[in-house]
**Student:** 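There's a structure below that I have some questions on.
Labels below follow one simple rule: chain letters A, B, ... track the order of the sequence lines, proteins then strands, and each chain is numbered from 1. Since the model is a prediction, treat every value here as computed from it, not as a measurement.
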Protein chains: 2
Amino acid sequence: MSDSTPATIEDVARIAEVSIATVSRAIHTPEKVAKSTRLKVNQAIAITGYTTNAMARSLRLGRSNMILVVAPDIGDPNFSSILVGLENEARSHGYGVLIGHTQNDAQRALEYLKFLNSNQAAGLILFTGILPFGHETMTARLPPSVGIFEPVFNGGIPYVGVDDMEGARKVVDLLIAEGHRKIAFIGDSRTRLAYMRRRAGYDAGLDAAGVPAELRLVQEGDGTLESGRAAVERLFVRDTLPTAFMCVNDQTALGVMIGLKTRGYDIPRDFSVTGFDDVPQATFMTPALTTIRQPRTLIGKHAMTLLLELLSDRRPAETEILLRPDLVVRNSVSAPSPRWMR
Amino acid sequence: MSDSTPATIEDVARIAEVSIATVSRAIHTPEKVAKSTRLKVNQAIAITGYTTNAMARSLRLGRSNMILVVAPDIGDPNFSSILVGLENEARSHGYGVLIGHTQNDAQRALEYLKFLNSNQAAGLILFTGILPFGHETMTARLPPSVGIFEPVFNGGIPYVGVDDMEGARKVVDLLIAEGHRKIAFIGDSRTRLAYMRRRAGYDAGLDAAGVPAELRLVQEGDGTLESGRAAVERLFVRDTLPTAFMCVNDQTALGVMIGLKTRGYDIPRDFSVTGFDDVPQATFMTPALTTIRQPRTLIGKHAMTLLLELLSDRRPAETEILLRPDLVVRNSVSAPSPRWMR
DNA sequence: AGTGGTGATGTAAAGGTTTACATAGGCGGT
DNA sequence: ACCGCCTATGTAAACCTTTACATCACCACT
């Protein structure tokens with residue numbers, strides 16, 4: 001009973017008085033075995049506490065029941081809620097989730113590639129276009145994969161993200177509704193997909209509201225707190241102040257808020273500020289930041305679902321799944337201050 | 001070359017014109033094979049791009065190269081930095097990290113147990129005494145395990161944590177040095193080990209400073225923001241105000257700060273507040289919270305090191321490893337307000 | 001020259017599973 | 001009574017490694 005080594009299929013077969021093949025069938029294709037036999041097998045399994053040896057199974061089947069999740073930085077607080085979605089979905093389909101992070105280090109990425117080659121993972125989840133792998137050469141050797149947030153290898157791999165443009169649009173519409181017209185957009189790098197899309201939402205919203213191009217102020221940076229702060233400085237120097245700062249992400253928004261506060265302004269009385277992403281800290285900023293929530297757990301869930309479908313090639317992979325982001329209204333937006341009205 | 005199926009050891013053997021046994025030896029015990037042969041084998045490996053099939057290896061060896069990490073909630077922002085430490089250490093020893101979370105759900109815990117039984121994981125990392133597994137019965141079947149933060153199964157399993165008492169002591173000493181005497185301790189549940197230890201540090205610090213028992217105010221709660229707020233209310237009702245609030249964790253501290261602010265007080269002018277843990281949000285609070293930093297990545301690293309030692313039973317396991325926590329001084333502490341001086 | 005030892009390599013079994021193929025029994029149709 | 005078919009089960013190969021044991025060649029020593 002409390003044997004030291006775990007029970008094998010053979011133990012079960014002996015007790016149920018059938019062959020191991022029948023046991024295997026009773027487990028995986030129960031409809032192919034007689035009801036009475038099935039019963040005996042199930043009893044034997046209960047007695048022995050048998051669990052299929054995953055190693056042997058994977059070896060035989062030629063594929064494992066593990067999904068490798070590779071992110072540049074698993075320490076990123078945004079990562080864990082996505083992981084929750086990934087893990088739940090995987091687990092409920094009998095898959096386990098392996099995690100790895102590259103820290104943008106090619107050496108480490110290579111190690112993971114080796115990992116994949118050694119059959120340890122049936123599928124791959126990739127964060128944000130990373131993987132300095134040798135491009136096309138490698139693509140061929142990659143198992144079924146799904147990207148998160150951004151397409152990987154120029155669309156060679158399907159991905160799950162968020163409709164950035166729609167999110168940005170929601171922010172602009174809110175600001176316009178509050179009465180703002182002169183709205184600055186504080187971005188990060190022009191090369192990032194998220195930047196382009198959010199910027200597109202910004203432009204579309206202003207177009208719809210009939211705001212002329214000369215009232216649009218766009219600043220670029222690198223997405224850090226510091227770059228938000230610097231953007232504020234630049235705008236003050238040029239002395240062409242907007243009444244609202246729409247930022248490409250929450251970090252930048254925090255930088256903008258700090259920049260404005262050190263100049264003695266109050267938010268949202270003097271200026272409105274918005275972010276994007278809804279990082280956990282957004283609630284704790286003063287004032288609490290109005291921003292766009294990324295449905296992170298849901299993104300994880302969808303990405304895993306897509307990957308599992310790919311694995312059982314039940315369908316031609318969609319190349320893009322965009323989820324609807326939500327506006328989270330907190331306290332960093334109000335009507336423009338009369339002080340700036342001409 | 002760009003074969004569809006990955007190369008096996010047999011392919012390598014054929015090309016190197018040796019037997020598969022020699023190939024295996026050349027890889028794992030190079031000193032047992034002649035230099036010239038080793039060379040041939042290495043070339044063949046390079047040609048084929050061979051990687052050992054981890055499934056087959058694990059099956060043969062009877063143990064996998066995976067470590068299962070089970071936490072109640074992997075969405076917890078504190079989790080990810082520990083994970084970084086765990087993963088780095090594991091990876092550098094050829095192990096992969098599997099993650100799972102129970103959400104305090106017995107059903108899910110059971111699934112993970114099954115997982116372990118099916119030989120998929122060589123070792124186990126457990127967070128905070130969880131696992132509603134059936135106690136002793138299960139302990140026997142558990143692979144080598146290490147706990148994080150708290151002992152598991154009443155010490156049956158070694159663990160890595162932080163010296164809470166020392167951390168608490170650092171906080172008290174700071175407050176005393178600033179001139180505080182009447183310091184409240186806002187705790188969570190009396191049953192938690194962390195509570196007891198931090199409380200012990202509080203008492204030891206006050207003892208050392210010669211602060212009499214009647215100046216010590218202790219409130220209990222459940223560690224949430226709300227309970228911190230409630231504690232403030234209770235102290236105001238009793239009208240026995242301290243000049244400083246030493247909180248058992250950062251969440252509670254935030255609640256205390258909010259409670260004090262809604263009553264119109266300024267921190268740290270009117271009251272000093274301290275936390276414990278240094279959650280990512282601590283920097284963003286207003287004022288930024290003075291707290292104790294948990295060396296999270298280091299905890300992960302140590303836990304994994306310990307587990308790997310257990311796995312290769314190189315040494316009798318220490319049952320407890322306590323790391324030194326650091327005081328992080330920010331802006332929530334100052335000298336006590338003259339206003340409260342009698 | 002014979003013995004024993006050493007070092008390098010090969011042979012083959014074992015690890016636990018899945019599944020193609022073989023076997024066997026039962027049943028309905030002629 | 002025979003044939004063919006279907007269902008239920010068993011046999012054995014294959015998945016890829018690692019490693020105990022066997023083999024063999026060579027060398028040193030007596």
**Student:** Identify which nucleotide among C:dT11, D:dG10, D:dT17 has an atom closest to any side-chain atom of A:Val18, counting heavy atoms from C-beta outward.
**Tutor:** D:dG10

**Student:** Could you state the atom-to-atom distance from CD1 of B:Ile20 to C1' of D:dC15 in whole Å?
**Tutor:**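 Checked: the CD1 to C1' distance equals 13 Å.
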
**Student:** For atom CD of A:Glu320, decide whether the heavy atoms of other residues, nucleotides or ligands shown that lie under 6.0 angstrom number more than 12.
**Tutor:** yes

**Student:** Among all residues two or more places apart in sequence or in another chain, which pass the side chain to side chain contact (heavy atoms under 4.5 Å, CB included) test with B:Gln43?
**Tutor:**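 Per chain and number, B:Gln43 pairs via side chain to side chain contact (heavy atoms under 4.5 Å, CB included) with no residue.
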
**Student:** Which of the following nucleotides, C:dT17, D:dC16, D:dG10, is nearest to the side chain of A:Ala21?
**Tutor:** D:dG10

**Student:** Let me know the distance between CG of A:Asn53 and C1' of D:dT17, rounded to the nearest Å.
**Tutor:** 14 Å

**Student:** Given A:Met55, which partner from the list A:Leu59, A:Thr52, A:Asn53 fulfils the side-chain contact (heavy atoms from CB on, under 4.5 Å) test?
**Tutor:**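 Running side-chain contact (heavy atoms from CB on, under 4.5 Å) over A:Leu59, A:Thr52, A:Asn53 with A:Met55 returns exactly one hit, A:Asn53.
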
**Student:** Identify whether NZ of Lys or CZ of Arg in B:Arg91 sits under 6.0 Å from the centre of the six-membered ring of A:Tyr112 and within 45° of that ring's axis.
**Tutor:** no

**Student:** Return the nearest nucleotide to the side chain of B:Thr22; candidates are D:dT17, C:dT17, C:dG10.
**Tutor:**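 Nearest listed nucleotide: C:dG10.
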
**Student:** Please give me every residue in residues 28-41 of chain A whose heavy atoms get under 4.0 Å of an atom in DNA chain D, ordered by residue number.
**Tutor:** A:Val33, A:Ala34, A:Thr37

**Student:** For the pair made of CD1 in B:Ile27 and C1' in D:dT19, what is the distance, rounded to whole Å?
**Tutor:**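 To the nearest whole Å, that distance equals 14 Å.
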
**Student:** Which is true for A:Thr8 with a 4.0 Å heavy-atom rule: it touches a base, it touches only sugar-phosphate, or it touches nothing?
**Tutor:**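 Sugar-phosphate only.
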
**Student:** Can you check side-chain hydrogen bond (donor to acceptor under 3.5 Å, both in side chains) on B:Asn88 and A:His101, steps first, answer last?
**Tutor:** CA-CA 9 Å; B:Asn88 282 340; A:His101 61 163; 3.0 Å; yes

**Student:** Could you note down all residue pairs passing ring pair (Phe, Tyr, Trp, His ring centres under 6.0 Å) where residues 18-43 of chain A supplies at least one of them, sequence neighbours left out?
**Tutor:** none

**Student:** In whole Å, what is the span from the CG atom of A:Asn117 to the P atom of D:dC16?
**Tutor:** 14 Å

**Student:** What is the distance, rounded to the nearest whole Å, between atom CE of A:Met55 and atom P of C:dG16?
**Tutor:** 13 Å

**Student:** A:Asp11 CG to C:dG15 C1': how many Å, rounded?
**Tutor:** 13 Å

**Student:** Contact class for A:Leu61 vs. all strands (heavy atom < 4.0 Å): base, sugar-phosphate, or nothing?
**Tutor:**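 The residue A:Leu61 makes sugar-phosphate contact but no base contact.
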
**Student:** When rounded to the nearest 0.5 angstrom, what is the spacing between CZ in B:Phe79 and CG in B:Leu86?
**Tutor:** 7.5 Å

**Student:** Looking only at the side chain of B:Arg57 (C-beta and beyond, no hydrogens), which of the listed nucleotides C:dG10, C:dT17, D:dT17 gets closest?
**Tutor:**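 The answer is D:dT17.
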
**Student:** Does A:Arg25 contact D:dG10 through a side-chain donor or acceptor facing the base, at a distance under 3.5 Å?
**Tutor:** yes

**Student:** Distance check needed: D:dA12 C1' versus A:Ile9 CD1, whole Å only.
**Tutor:** 14 Å

**Student:** Expressed in angstrom and rounded to an integer, what is the separation of B:Glu10 atom CD from D:dC16 atom C1'?
**Tutor:**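 From B:Glu10 CD to D:dC16 C1': 9 Å.
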
